[in-house]
Structure formats: C-alpha cells, structure tokens
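Here is the structure we will look at.
Here is the naming used below: chain letters follow the sequence lines, and residue numbers restart at 1 for every chain.
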There are 2 protein chains.
Amino acid sequence: MGRKASVGYDELIESLTKVFRNVGYEAASLSLLEKATGLKKASLYHRFPQGKEQMAHEIIGVIKIWMENNILTILSSDAPPEERIELLTHCLNNLYSGGQDACIFNTFSFPQDRNSPFREEIKSMVFAFIKGLAGVIADAGYDQKESYARAERAVMLLQGSLVISRAIRSERPFRDILSRLDIELIG
Amino acid sequence: MGRKASVGYDELIESLTKVFRNVGYEAASLSLLEKATGLKKASLYHRFPQGKEQMAHEIIGVIKIWMENNILTILSSDAPPEERIELLTHCLNNLYSGGQDACIFNTFSFPQDRNSPFREEIKSMVFAFIKGLAGVIADAGYDQKESYARAERAVMLLQGSLVISRAIRSERPFRDILSRLDIELIG
DNA sequence: GTCTATAGTAAGATAGAC
DNA sequence: GTCTATCTTACTATAGAC
C-alpha cells in the first residue's frame, strides 16, 4: 500500500486550477504551483509524472466533468426554464467566485504552441455550454436559430464581463450580467 | 550620428504588439520577439534598454495614442451618431484583424505580479473607451445612465466575442457582434 | 508520498566585435 | 545598430534519501 497523500486529489486539482485559470498555462510556473498546492516540485511530479502538461490536462478533464454534472445537468433538467436559469446563475457565480476568477475558456485559448492539445477540449466545452443554454431557451418557446444566437450572446456577455471585471478590478460588471442573465436568455 | 536602423520604430512596435497581445506578457519570450521582429536579443535591448518591461510599456503607450487618434477621435466627432459608429466599426475590425487578434484589455489584465504597472494604464483605457462610446449614445438621445450601461455592454460583447472566436477558432462570432454594433449601441 | 539536492534547459540580460 | 558569445537566473525535470 502506498503512503497516505498529505493533500487529497480534489483539493490538489482545485489549487492547480486556481493558478492555471488565472495566470495561464505558460505563466503557471512550478514555483507558483508549489506555493498554491503546498507540495514541492518533486511531489507534484510524483502525482503528475508528465509535469505541467498533465496537470493542465487533468484540471481540464475535472472541469469538464464538473460542467457536465452541474451546469449541463441543470440546463437539461425538466424544471421550468426560469428555474433552470436561476440554478445556473448560482452555479456560475460559484464557478467564477463572483467575478474574481478567470475562465479557462479564455485563459486556455491563447496560442501557446505546444499545448494545442487542450484547445480542442476547450472548443468542445464551449459548444456544449452554448448548446445547453440553447436547449433551455428553446424550451421557453424560441425557435432553434434564435435560441442558439441568444445562447451564444449570453456566453459572450459572461466572458466579456469577466474580462472587464478583471481589467477594471471590480466584480460589478460580472454581477450585473449575472443578475440579468434570465432576461438575456429568455426575456 | 547613429547608424540607420534596419527596422523602423513603427514596424518594430507593430511586431512586438502582435506577440504581446496574442500570447500575453509572460509567454512573450525574447526568442518569440526575436522571430517576430527579425532582430536579435541584443538589438532589442539596444532599442529597449529595460528589456521586456519597457517593450510592453511602449506598445501600450502606442496603442493608447492610436486609440486617442482613431477610436476616441471618431467617437467625439460632430458627425451624426450613426456615422461615427460606422467609422468605429471599420476601426475595430482593423484593430482586431477581423477577430483574429486578441485585445490587450484582456491579455494584459491577467495577474502576473510584477507587471501591475501596466494594469493601471489598461484600466484607464477601458474607461476611456466606454466613456467615448457612452458619449455617442447620449448624443443619440439616451440618458446618461442608460448610455453608460449600453456602452459597457457593447465593450463586453466585443471582448466576449473575441474570447469565443479564439476559443472556437472562427471569426464569425466577432463579425456577428461587429455587424450589429449599431443596434447594440443606439438601436 | 514527500522531501532535499541536483541535473539540464531556456529564459532574461550584458559585453564587446564589427 | 546589429551581431555572436557569454553570463546569470529561473524554470522544467530527475535521482535518491527518508
């Protein structure tokens, strides 16, 4: 039997995610990751033998599963559209820490050569999110084309509000968008 | 008299900007900057004695001036609002290369410790842009509060569309937003 | 499983020839 | 003004003790 880990997998991933999403793949140095996780470089390599690239892949995988189990599950439930959007709003507020944390859709989409591997995963997650939203909007009575357009627009507003919130260092833009998400989607 | 530069200041700044905005400050290594400019490290240090940090500051300064001379000048002209927005649209399409290039509002807002110096400059540029837009909207008859809200919202949509366009590798979302910018602002 | 110690590599930055 | 060569530092990654 192996020795017990001082840091559980889940909290390890959470610490790594916080760094990666907020500074980007290249800037996420092992020293930053050491500080964030409380583990030394060698220990990180013990957990992730392929180093940074593996860490990035695993946090993306975990986020993907989280997204399926939370956001997408909420969106495809049989509750009324208004209720689903209400739940989604809380979910997103939690995911982005009220506008303080960046989104990997943004951070991991910058062209940093080698890591094009995870750009494909990001792309499919973006589409999954938009399609999930479009489903709710369609359930509220909009036609398919309009539903997709509204969904995509909402994602843009969310991403844009995160950009502006970070740029002006105020969570207010993000909160504003989140508080009007229902109107944006099915209003 | 000094020897003639093989690369003029303007095209040098342009090459540097292309790298910085699209990969971010940390990932903009001197080898990337060498390739982009065609100058060797030592030559770059001759032009920018304080290295990367100075390069970043100067490209931001140049963009700021460009923004004042183009975007802000257009927005504060005495042409009718519709006409100003039409000019702005072409300006933005050019600035972002039709959705292919990232915005420094986004790239330079990530928390990379030391370079907090330029976060203040970015912040003021974001506000200047929003206020410039709000002016046009107010001229079209909207009250101040609504004008500001619409302006901020338009900036979010632009930024968000750039994020999504990069994420799904299609300029379509950006083009869609740009083509509806007039409706978004004063429609 | 985590650590200290240490390679090995790429980064930022200078010195000096042309 | 640009270059090659070099220095120093930081980073990624590994070896081996506990």
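Leu33(B) has its CG atom 17 Å from the P atom of dA10(C), to the nearest Å. Separating the NZ atom of Lys52(A) from the P atom of dA10(D) is a distance of 16 Å, rounded to the nearest angstrom. Between the NZ atom of Lys35(B) and the C1' atom of dA10(C) there is a distance of 11 Å, rounded to whole Å. Rounding to whole angstrom units, CD of residue Glu26(B) and C1' of dA10(D) are separated by 12 Å. Nucleotide dT8(D) holds its P atom 18 Å from the CG atom of Leu30(B), rounded to whole Å. If you take CE of Met55(A) and C1' of dA13(D), they are 10 Å apart, rounded to a whole angstrom.
Counting only heavy atoms from C-beta on, Leu39(B) has its side chain closest to dT2(D) among dT2(D), dT12(D), dA11(C). Closest contact between the side chain of Ala5(B) and the listed nucleotides dT12(D), dT2(D), dG12(C) involves dT2(D).
For the ring pair (Phe, Tyr, Trp, His ring centres under 6.0 Å) test, no residue two or more places apart in sequence or in another chain qualifies with His90(B). When the side chain to side chain contact (heavy atoms under 4.5 Å, CB included) test is applied to Glu11(A), the partners found at least two apart in sequence or on another chain are Val7(A). Scored by the salt bridge (Lys or Arg N to Asp or Glu O under 4.0 Å) test, Glu121(A) finds no partners at all (sequence neighbours excluded). For Ser124(A), the side chain to side chain contact (heavy atoms under 4.5 Å, CB included) partners are Lys64(A), not counting sequence neighbours.
Note on residues 33-50 of chain A: no pairs pass side chain to side chain donor-acceptor pair (under 3.5 Å), not counting sequence neighbours. The stretch residues 157-166 of chain A participates, sequence neighbours left out, in these side chain to side chain donor-acceptor pair (under 3.5 Å) pairs: Arg166(A)-Asn106(B). Residues in residues 170-187 of chain B take part in these side chain to side chain donor-acceptor pair (under 3.5 Å) pairs, two or more places apart or across chains: Glu152(A)-Arg172(B), Arg153(A)-Glu184(B), Arg153(B)-Glu184(B), Arg172(B)-Asp176(B). The list of ring pair (Phe, Tyr, Trp, His ring centres under 6.0 Å) pairs with a residue in residues 53-80 of chain B, not counting sequence neighbours, reads His57(B)-Phe118(B).
The shortest non-hydrogen separation linking Phe108(B) to Ile60(B) is CD2-CD1, 3.3 Å.
Contacts of residues 41-51 of chain B with DNA chain D (heavy atom under 4.0 Å): Ala42(B), Ser43(B), His46(B), Arg47(B). Residues of residues 12-21 of chain A that place a heavy atom closer than 4.0 Å to DNA chain C do not occur.
Ala28(B) comes within 4.0 angstrom of sugar-phosphate atoms only, judged by non-hydrogen atoms across all strands, and of no base.
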Side-chain donor-acceptor pairs under 3.5 Å in residues 129-140 of chain B, sequence neighbours left out?
residue	atom	partner	partner atom	Å
Asp139(B)	OD2	Arg84(B)	NH1	3.0
Asp139(B)	OD2	Arg84(B)	NH2	3.0

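At least one side-chain heavy atom of Phe105(B) sits under 4.5 Å from a side-chain heavy atom of Ile122(B).
Between Lys4(B) and dG1(D) there is no side-chain polar atom (N or O) within less than 4.0 angstrom of OP1 or OP2. Of the side-chain N and O atoms in Ser31(B), one or more sit less than 4.0 angstrom from OP1 or OP2 of dA11(C). Contact annotation: Ser6(A) does not reach the phosphate of dG1(C) (side-chain N/O to OP1 or OP2, under 4.0 Å). Listed pair Lys40(B) / dC3(D) fails the phosphate criterion, with no side-chain N or O lying under 4.0 Å from OP1 or OP2.
The terminal axes of the helix from dG1(C)-dC18(D) to dC18(C)-dG1(D), fitted over 5 pairs per end, subtend an angle of 0° to the nearest 10°.
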Is there a side chain to side chain contact (heavy atoms under 4.5 Å, CB included) between Ile71(A) and Leu92(A)? Walk through the geometry before answering. CA-CA 8 Å; Ile71(A) 293 178; Leu92(A) 292 174; 3.9 Å; yes
